Amino acid sequence: MYRTNTCGELRMTDVSKEVTLAGWVQTIRKFGAITFVDLRDRYGITQLLFGEQLNKELEENPPGREFVLQVTGVVSERSNKNPNLSTGDIEINVHSFKILNKSAVPPFTIQDDTDGGDDLRMKYRFLDLRRNAVKKNMELRYAVNRAARNYLHQHGFMDIETPFLIKSTPEGARDFVVPSRMNPGQFYALPQSPQTFKQLLMVSGYDRYYQVVKCFRDEDLRADRQPEFTQIDCEMSFVEQEDIIDMFEGMVKHIFKEVKGIDYTAKVERMTWEEAMWNYGNDKPDIRFGMQLLNLKKPSSVYTSKKDQPGLINGAGFKVFDDAETVLAIAVPGCSEYSRKQTDELTEWVKRPQIGMKGLVFIKCNADGSYKSSADKFYNEEKLKAIAIAANAKAGDLLLVLAGVEERTRKAISELRLEMAERLGLRKANEFKLLWVLDFPLFEYDEEGNRWVARHHPFTSPKPEQIATMINNNPVIDNAADYLKHPYANIKANAYDIVLNGNEIGGGSIRIYQRELQERMFAALGMDKEEQQHKFGFLLGAFEYGAPPHGGIAFGFDRLCAILGGSESIRDFIAFPKNNAGRDVMLDAPSSIDKKQWEELQIKPNLK
Ligand code: ASP
């Protein structure tokens, strides 16, 4: 037997038992004739005491850091107890030991505060995973996985695996492709998600499906994306949007309870996509704090609002506002006393290329009721006050105003809002706020192709009352500049996202389940009959054999874990992640393949 106990297990109640432990050497300390070793395994650390009688043996066979050691000895009470360690009251008085395996000197210390940089840790990820900080993340990931599975099992969901070597499933990204040796010149695609399979399973009658599943998307990796990532993918039959919301709100709350011990009893807020865009400038707002946007110009037709305030800035001759497509403001609480240096710094912040604004206008709502602005020349105090009131600013607040083209300005102000909240400590890692964003647009305008693309994916159903708009209007966009006037721009989908602290953690939709409507949808996306048949013949065919009404959702499992673990980075919650260039630096993948492999695949390498 290699061990009788783990290194995290022994307590005072075990004193005087003889035990055998096995693990890795964390530290070795010599005090005169005595040697202390901290032995580590997945469960914890136990102190070992090697007395004088073992000195000779230790000298002949000295263990080093990360050696795999097996010891037998007696559990004893420690004279110098360590309250920070669960085993800190005891130590093992070793009477024999064996080195099970040696270790090279690790390239970084296996500690919470390691001296290893990111690249080094990724190269030696198997050592990094030994660190407690990383192990905790893996444990949390498993806890989330378990909680989700338990909940779904309790609710009658069945885990059904779907294939990885498939034909492309469009989710808006590029496919990874795999050449088929047996079918020269032909390729499989790796699934961007199991979307079409889970819909086929509904046709097959498996009315509650789930899978914790890998998805593959060949995207240029923006910060904190992985080319392969994991979804908790779910689908249900005979459901409406409300049923899905109910079921999966329940799942997230169950996960909160199981993993974090949090009773999420508050009602989960809901807003429409338009409200989100209007009030927060993006479709996944962090609603742990206010600072809602004030729109000072009439917006484009997609955004509607009851509280737009176009009059407030008109007629002052301020070119920055007059010439801008969009003028947006936020009231930052308690910052009216910002110094010149601070407002200058903020101006620089919005001018950074990632934000891309030309400048920043501010209005200080002073505690004494007066107003001061960088646009004083154009707006008298009365006007400044009116703007401040419209933005919900209170005495002591700082109003920040951005002006420019619609999309960029909206994006910029929503970034600025998050930045200010971060600076003010309003984005607390241990505060969780869920939100459903509903009624997404069905289509998105693709500038490059001057055409419509599916905002979620082409299987999402339009709002029933807007089906006629889709069917009765030609999808062709005659005037690209005026695409917002096209009837398609206003068609809403039965699609929903669930947002946690400003992150989309899940999204889904009620699906189209009739062949004719699905064909209309494909046609609206510019696919002719032949292409439809080639790409989705299997699905259209299946819809002819009694497809039930159905809908579903998929959760970004890695992201959910990262948020629950209080981290910004999903990489910390993936055992073997890739870097920002999509490389696995440990495996050194992707890599070239040898000549024989090329030949077997009958593909010619395009090498210079
Ligand atoms: N397959 C979708 C996605 O990956 C989710 C869904 O519609 O269920 O975003």
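Source: prediction; values computed, not measured. Order of appearance sets the numbers: ligands from 1, and atoms from 1 within every ligand. Residue numbers count from 1 along this sequence.
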Point to revise | Test item: Lys198 side-chain N/O and Gln211 main-chain N/O as donor-acceptor pair under 3.5 Å | key: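 Checking the backbone N and O of Gln211 against the side chain of Lys198, no donor-acceptor pair under 3.5 Å is found.
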Check your understanding: Backbone N or O of Ile570 within a donor-acceptor pair of the Asp224 side chain at under 3.5 Å?
Key ->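 The answer is yes, because a donor-acceptor pair under 3.5 Å joins these two groups.
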Where on [X] is there a heavy atom closer than 4.0 Å to ligand 1, on the side chain, on the backbone, on both, or on neither?
X      : result
Arg511 : side chain
Ser193 : side chain
Ile553 : backbone
Gln199 : neither

Ring centres of [X] and [Y] under 6.0 Å apart?
X      : Y      : value
His457 : Phe459 : yes
Phe522 : Phe536 : yes
Tyr209 : Phe197 : no

Using a strict 4.0 Å cut-off to heavy atoms of [X], name the atoms of ligand 1 that fall inside it.
X      : value
Lys198 : 6 (C), 8 (O)
Gly508 : 6 (C), 7 (O)
Arg217 : 3 (C), 4 (O)

Near [X] [atom1], under 6.0 Å, is it more than 12 heavy atoms from other residues, nucleotides or ligands?
X      : atom1 : result
Asn183 : CG    : yes
Arg270 : CZ    : yes
Glu544 : CD    : yes

Name the closest protein heavy atom to [atom], giving the residue it belongs to and the distance to 0.1 Å.
atom                   : value
atom 3 (C) of ligand 1 : Glu171 OE1, 3.4 Å
atom 4 (O) of ligand 1 : Gln231 NE2, 2.8 Å
atom 1 (N) of ligand 1 : Gln195 OE1, 2.7 Å

Review point. Based purely on interatomic distance, does His457 place a nitrogen or oxygen under 3.5 Å from a nitrogen or oxygen of ligand 1?
Key: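 There is such a contact, yes.
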Exercise for review: Answer yes or no for His456: is there a heavy-atom contact with ligand 1 below 4.0 Å?
Suggested key: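 Contact present.
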